[in-house]
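Each remark here refers to the structure printed beneath this line.
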Protein chains: 2
Amino acid sequence: MAATLDHVFASLADPTRRQILVMLLEDDLAVTDIAEPFEMSLTAISKHINILVAAGLITQEKRGRVKWCGLNPAAMKDASIWMESFGQFEAVNLDALERFLEAELDDDKTS
Amino acid sequence: MAATLDHVFASLADPTRRQILVMLLEDDLAVTDIAEPFEMSLTAISKHINILVAAGLITQEKRGRVKWCGLNPAAMKDASIWMESFGQFEAVNLDALERFLEAELDDDKTS
DNA sequence: TATTTAGTCAACCGGATGGTTGAGTTTTTG
DNA sequence: CAAAAACTCAACCATCCGGTTGACTAAATA
């Protein structure tokens with residue numbers, strides 16, 4: 001799949017999709033597992049997943065009736081490099097990163 | 001301006017807007033200057049610029065009848081950190097980055 | 001075999017996006 | 001003062017996006 005900058009950035013612009021990616025950091029998950037914490041239909045989540053797959057950010061493997069979803073962070077590389085080319089950001093502080101990710105998770109839950 | 005991840009990523013999802021940001025790497029520019037290389041109306045470019053301003057990626061200063069636009073790469077920081085948290089990307093290779101940016105510029109010109 | 005589970009598909013809906021044109025405002029310039 | 005330059009604003013348009021529901025297929029299970 002040609003994961004263009006357009007697709008990757010557009011995928012990441014939605015908080016539901018970002019939360020899905022964060023969930024997949026821990027484990028591969030089935031579509032139903034991914035949908036469980038969200039207050040929206042399975043169909044809606046399925047569409048979000050398809051968008052992430054099209055962007056290359058998620059890979060899928062069907063075993064039986066279950067479609068397992070796994071993270072493919074490599075698909076972010078070009079986009080990440082693109083952004084870095086603008087940054088004169090200081091090196092990432094790991095504590096700051098942790099707090100940031102927690103805040104982002106809370107935001108997703110309450111919005 | 002609260003530059004949320006939503007706004008920053010959505011801003012970057014459009015090739016016209018990315019090209020505008022690249023143009024501003026070199027110099028601050030007036031709205032008309034930014035619009036010149038594009039085959040689209042000044043109004044359309046003005047809208048794109050407003051979106052980038054809302055995302056915090058561009059700052060504006062009006063002097064006389066001219067609105068000068070300048071890059072604010074700091075607004076990318078949170079988004080960049082977010083992506084980095086997924087990456088186990090190897091350190092950025094500067095040559096690769098250069099080739100990548102040139103290719104991106106060509107893409108923008110021809111699409 | 002009958003039923004549940006996992007997931008997709010198709011149709012629809014309201015609102016956002018990306019573009020247009022035409023008119024209007026303000027500042028500079030001749 | 002008159003005209004040009006540098007924008008903005010408002011209205012409109014087609015398409016995309018994020019969500020819904022209801023019907024469907026395929027695999028596991030009782």
Side-chain angles (χ1 to χ4, degrees), chain A residues 1 4-21 23-24 27-55 57-70 107-111, chain B residues 1-21 23-24 27-55 57-70 107-111:
Chain A
M1 185 59 55
T4 64
L5 290 185
D6 286 37
H7 287 140
V8 171
F9 281 130
S11 290
L12 298 181
D14 184 281
T16 300
R17 289 194 288 264
R18 285 198 306 276
Q19 193 177 340
I20 291 174
L21 293 177
M23 290 169 68
L24 290 174
D27 258 318
D28 284 15
L29 292 171
V31 173
T32 309
D33 300 332
I34 293 176
E36 197 273 331
F38 294 95
E39 286 178 348
M40 101 182 48
S41 70
L42 179 62
T43 304
I45 295 295
S46 178
K47 283 188 186 179
H48 280 302
I49 291 174
N50 284 337
I51 289 170
L52 290 165
V53 169
L57 293 163
I58 280 184
T59 58
Q60 289 182 309
E61 185 196 354
K62 193 171 180 180
R63 281 206 302 274
R65 66 183 163 184
V66 177
K67 232 175 186 175
W68 293 95
C69 302
D107 282 355
D108 286 339
K109 277 172 193 159
T110 58
S111 68
Chain B
M1 182 61 56
T4 65
L5 291 184
D6 286 36
H7 287 139
V8 171
F9 281 130
S11 291
L12 298 181
D14 184 280
T16 300
R17 289 194 289 265
R18 285 198 307 276
Q19 193 177 341
I20 290 174
L21 293 176
M23 289 170 68
L24 290 174
D27 256 319
D28 285 15
L29 292 171
V31 174
T32 309
D33 299 332
I34 293 176
E36 196 271 334
F38 294 96
E39 285 179 350
M40 104 182 42
S41 71
L42 179 62
T43 304
I45 294 296
S46 178
K47 283 187 185 178
H48 280 302
I49 291 173
N50 285 337
I51 289 170
L52 290 166
V53 168
L57 294 164
I58 280 184
T59 58
Q60 289 182 311
E61 185 196 352
K62 192 171 179 180
R63 282 207 301 274
R65 67 183 163 183
V66 177
K67 233 174 186 176
W68 294 96
C69 302
D107 282 355
D108 286 339
K109 276 173 192 160
T110 58
S111 67

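Chain letters run A, B, ... following the sequence lines, proteins first and then strands; every chain starts at 1.
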- Task: Write down the distance between CD1 (I45(A)) and P (dG19(D)), rounded to a whole number of angstrom.
- Result: 8 Å
Just distance, no hydrogens or angles: give the donor-acceptor pairs under 3.5 Å from side chains in residues 38-55 of chain A, sequence neighbours left out.
unit_1, atom_1, unit_2, atom_2, d
S41(A), OG, A44(A), N, 3.1
H48(A), ND1, R17(A), NH1, 3.1
N50(A), ND2, S46(A), O, 3.4

- Message: Can you measure M40(B) atom CE to dT21(C) atom C1' for me and round it to whole angstrom units?
- Response: 16 Å
Distances under 3.5 Å only, N/O to N/O: pair up the protein atoms with those of nucleotides 13-17 of chain D.
none

- Could you check how far CD of E61(B) sits from C1' of dA6(D), rounded to whole Å? 16 Å
- Given atom CD1 of I49(B) and atom P of dT17(C), what is their separation to the nearest angstrom? 17 Å
For residues 58-67 of chain A, please give each side-chain donor-acceptor pair under 3.5 Å, one per line with the distance, not counting sequence neighbours.
unit_1, atom_1, unit_2, atom_2, d
E61(A), OE1, R63(A), NH1, 3.3
E61(A), OE2, R63(A), NH1, 3.4

- Message: Which residues pass the side chain to side chain contact (heavy atoms under 4.5 Å, CB included) test with D33(A), not counting sequence neighbours?
- Response: L29(A), A30(A), W68(A)
- NZ of K62(B) versus C1' of dA6(D): gap in Å, rounded? 9 Å
- Note on the structure: Those residues at least two apart in sequence (or on a different chain) that pass salt bridge (Lys or Arg N to Asp or Glu O under 4.0 Å) with D6(B) are R18(A)
- How many Å lie between CD on E36(B) and C1' on dA5(D), as a whole number? 15 Å
- Let me know the distance between CD of E39(B) and C1' of dG19(C), rounded to the nearest Å. 14 Å
- Item | Trace of the side-chain contact (heavy atoms from CB on, under 4.5 Å) decision for L12(A) with L12(B) | CA-CA 10 Å; L12(A) 298 181; L12(B) 298 181; over 6 Å; no
- Query: Can you give one letter per nucleotide of nucleotides 7-12 of chain D, going 5' to 3': B for a protein heavy atom under 4.0 Å from the base, S for sugar-phosphate only, - for none?
  - Reply: BSBBB-
- Which atom names give the shortest non-hydrogen contact between C69(B) and L24(B), and what distance separates them? O-CD2, 3.5 Å
